[in-house]
Structures are given as structure tokens and as C-alpha cells.
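All remarks here apply to the structure that follows.
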Amino acid sequence: MADMRAFREAVDDWASGGTGEAARELAARLGVRTAVLLEGPSDHAAVEALAERRGRDLAAEGVCVVPMGGAMSVARYTGLLGPPGLGLRLTGLSDEREQPFYDRALERAGAPREGFFVCVADLEDELIRALGTTRIEEILRAEGELRSWETFVRQPAQRGRPAEQQLRRFLGTTKGRKIRYGRLLVEALDLARVPAALDDLLASL
């Protein structure tokens with residue numbers, strides 16, 4: 001795991017203007033064959049949690065999960081990791097509204113669109129709908145955050161909004177919360193109710 005983390009760090013350095021030499025060396029040494037491009041660390045946490053629940057060791061399979069720091073970075077990462085760069089197989093998740101950025105980036109890099117799956121709003125929204133608000137409130141209670149949630153929904157800006165939208169906003173109000181719940185929500189899922197985009201992504205690896 002530490003070696004794959006080092007590869008991710010080398011790729012990020014390359015994306016920030018580095019030479020890419022370390023990324024190339026690590027890709028060869030680790031036998032990296034596939035890069036899973038995700039918008040951020042909460043998606044990363046969710047994908048790795050599902051892989052663990054399915055009994056998969058992605059790093060051992062030569063699969064590196066790469067949080068890009070936002071959809072606007074997809075052109076850079078497809079260029080570095082896809083056919084123009086390391087020549088890895090590219091897969092990933094995109095939000096519905098960001099899909100055009102992915103399509104253009106993949107076309108520019110000469111990489112196939114197959115292997116990329118679309119979440120209706122975003123992955124948090126998919127997980128919230130799969131679990132339901134009652135189950136998520138149970139998770140919040142177990143994490144000691146139910147009172148914070150109850151205070152949040154009483155705010156004027158939240159009144160009248162659907163509970164699913166309130167939960168999406170709540171998960172993003174504190175630094176690190178989305179990442180933590182990306183894992184917790186997947187761990188709480190009935191494996192028969194995994195959102196299609198996430199399930200299809202893992203099955204494609």
C-alpha cells in the first residue's frame with residue numbers, strides 16, 4: 001500500500017510540473033496497469049472501502065486509485081497516465097454535470113470512454129439514496145454527530161429542502177467529513193444495493 005501511495009504522490013508531483021521520472025520508475029516496479037481517476041479523496045475512500053468488502057486488493061492487482069483534486073484536472077491526468085504518457089488503462093467515475101470534461105479529455109488523450117461510469121449527481125448522492133436517511137442518521141448517531149446534524153437541519157437555509165440534499169450539504173460542512181463518510185457509508189451498505197456506477201467501476205477492474 002505504501003508503494004502505491006508513493007506512486008500516487010509521484011503522479012501528483014508530475015501533474016504539478018515535475019519530470020515524471022519517479023512516476024515512470026514506480027509504475028514499472030509496481031506493475032501498475034490501471035489508473036482509476038476520481039474527483040477527490042471521498043470518492044477514493046468509497047472505492048477502496050468497496051474493494052475491501054469485495055475481497056479485492058487493488059494495489060496487488062496493479063490498480064492505482066488516483067484522486068485528481070477536481071474534475072478540472074482530468075485532462076492533465078489522462079494525458080500523463082493514458083496513451084500519451086504511461087499508457088495505463090484508464091477508468092473512473094464522473095459526476096453527471098462533469099461528464100463533458102471527461103469526454104473531451106479522453107478523446108484528446110486517445111483513451112476509450114469505456115470504463116468510466118457516471119453518478120447522477122455525485123457519489124455521495126448515490127450512497128445517500130442507496131442507504132436512505134434513516135440508516136444514515138443511525139450512522140451519524142454511532143459517530144457522535146447526530147446532534148450536529150439536528151442543529152444543521154434547523155438552520156433557515158435548510159428548511160424545506162429534501163433530506164437527501166440536506167445530508168449532502170452536511171457531509172461537506174466540516175473538513176475531512178466527506179472522506180470519513182465516504183468509507184462509512186460504503187461499509188454500511190447492503191452489498192446488493194451498491195450504487196450502479198460504483199459497483200460497475202469495481203467490476204470493470
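Everything numeric here is computed off the predicted structure, so don't read it as measured data.
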Quick check on the hydrophobic clustering: are Leu123 and Leu205 connected, directly or via other members, by side-chain heavy-atom contacts under 4.5 Å? yes
Could you work out, with salt bridge (Lys or Arg N to Asp or Glu O under 4.0 Å) as the rule, every residue matching Asp103, not counting sequence neighbours? Arg113
Keeping the roles fixed (side chain from Glu145, backbone from Leu140), state whether a donor-acceptor pair exists under 3.5 Å. no
Applying side chain to side chain contact (heavy atoms under 4.5 Å, CB included), can you list everything that pairs with Arg135, at least two apart in sequence or on another chain? Leu131, Glu138, Ile139, Ala188
Are Arg183 and Glu187 close enough for a salt bridge, meaning some N to O gap below 4.0 Å? yes
Would you call Arg54 and Leu202 a side-chain contact if the rule is heavy atoms closer than 4.5 Å? yes
Under the ring-ring contact (aromatic ring centres under 6.0 Å, His included) rule, collect the residues that match up with Trp149, sequence neighbours excluded. Phe170
Between Cys64 and Met4, the two heavy atoms sitting closest are CB-SD, 3.5 Å
Using the rule that two of Ile, Leu, Val, Met, Phe, Trp, Tyr join whenever any of their side-chain heavy atoms come within less than 4.5 Å, decide whether Leu93 and Val63 are in one cluster. yes
Using a 4.5 Å cut-off on heavy atoms from C-beta on, say whether the side chain of Pro83 contacts that of Thr78. no
Can you find a heavy atom in the side chain of Val194 that is under 4.5 Å from one in the side chain of Leu191? yes
For residues 15-30, tabulate all N or O donor-acceptor pairs below 3.5 Å that involve a side-chain atom, not counting sequence neighbours.
from, atom 1, to, atom 2, distance (Å)
Ser16, OG, Asp12, O, 3.0
Thr19, OG1, Glu21, N, 3.2

Taking the side chain as every heavy atom from C-beta outward, state whether Leu88 and Thr34 have any pair of such atoms under 4.5 Å apart. no
Between Arg33 and Glu61 (side chain of the first, backbone of the second, donor and acceptor by atom type, cut-off under 3.5 Å), is there such a pair? yes
Report whether Leu38 and Leu50 are members of the same hydrophobic cluster (ILVMFWY, side-chain heavy atoms less than 4.5 Å apart, transitive linking). yes
Would a 4.5 Å heavy-atom cut-off, applied to side chains only, mark Arg89 and Ser204 as touching? yes
Thr91: side chain to side chain donor-acceptor pair (under 3.5 Å) partners, not counting sequence neighbours: none
Arg8 (side chain) donor-acceptor with Pro67 (main chain) under 3.5 angstrom: no
Can a side-chain donor-acceptor contact be found between Glu107 and Tyr102 if the only test is distance below 3.5 angstrom? no
If only atom types and distance count, is the side chain of Asp190 paired as donor or acceptor with the main-chain N or O of Ala192 below 3.5 Å? yes
Which residues satisfy the ring-ring contact (aromatic ring centres under 6.0 Å, His included) test with Phe117, sequence neighbours excluded? none
Within a radius of less than 6.0 Å around CD of Glu150, do more than 12 heavy atoms belonging to other residues, nucleotides or ligands occur? yes
Any side-chain donor paired with an acceptor under 3.5 Å for Ser42 and Glu124? yes
Will you find, in the side chains of Arg161 and Gln158, an N or O donor that is under 3.5 Å from an N or O acceptor? yes
Would the distance check show the side chain of Arg193 and the main-chain N or O of Ala130 forming a donor-acceptor pair, the cut-off being under 3.5 Å? yes
Distance alone, cut at 3.5 Å: any donor-acceptor contact between the side chains of Thr173 and Arg177? yes
Under the 3.5 angstrom rule, does the side chain of Glu126 hit a backbone N or O of Val120 as a donor-acceptor pair? yes
Hydrophobic clustering (ILVMFWY, side-chain heavy atoms < 4.5 Å, transitive) - are Leu127 and Tyr181 grouped together? yes
Is there a path of hydrophobic side-chain contacts, each under 4.5 Å between heavy atoms, that joins Phe116 and Tyr77? yes
Quick check: closest heavy atoms across Ile128 and Arg168, and the distance to 0.1 Å? CD1-CG, 3.5 Å
Donor-acceptor pair, distance only, cut-off 3.5 Å: does the side chain of Asp95 make one with the backbone of Glu98? no
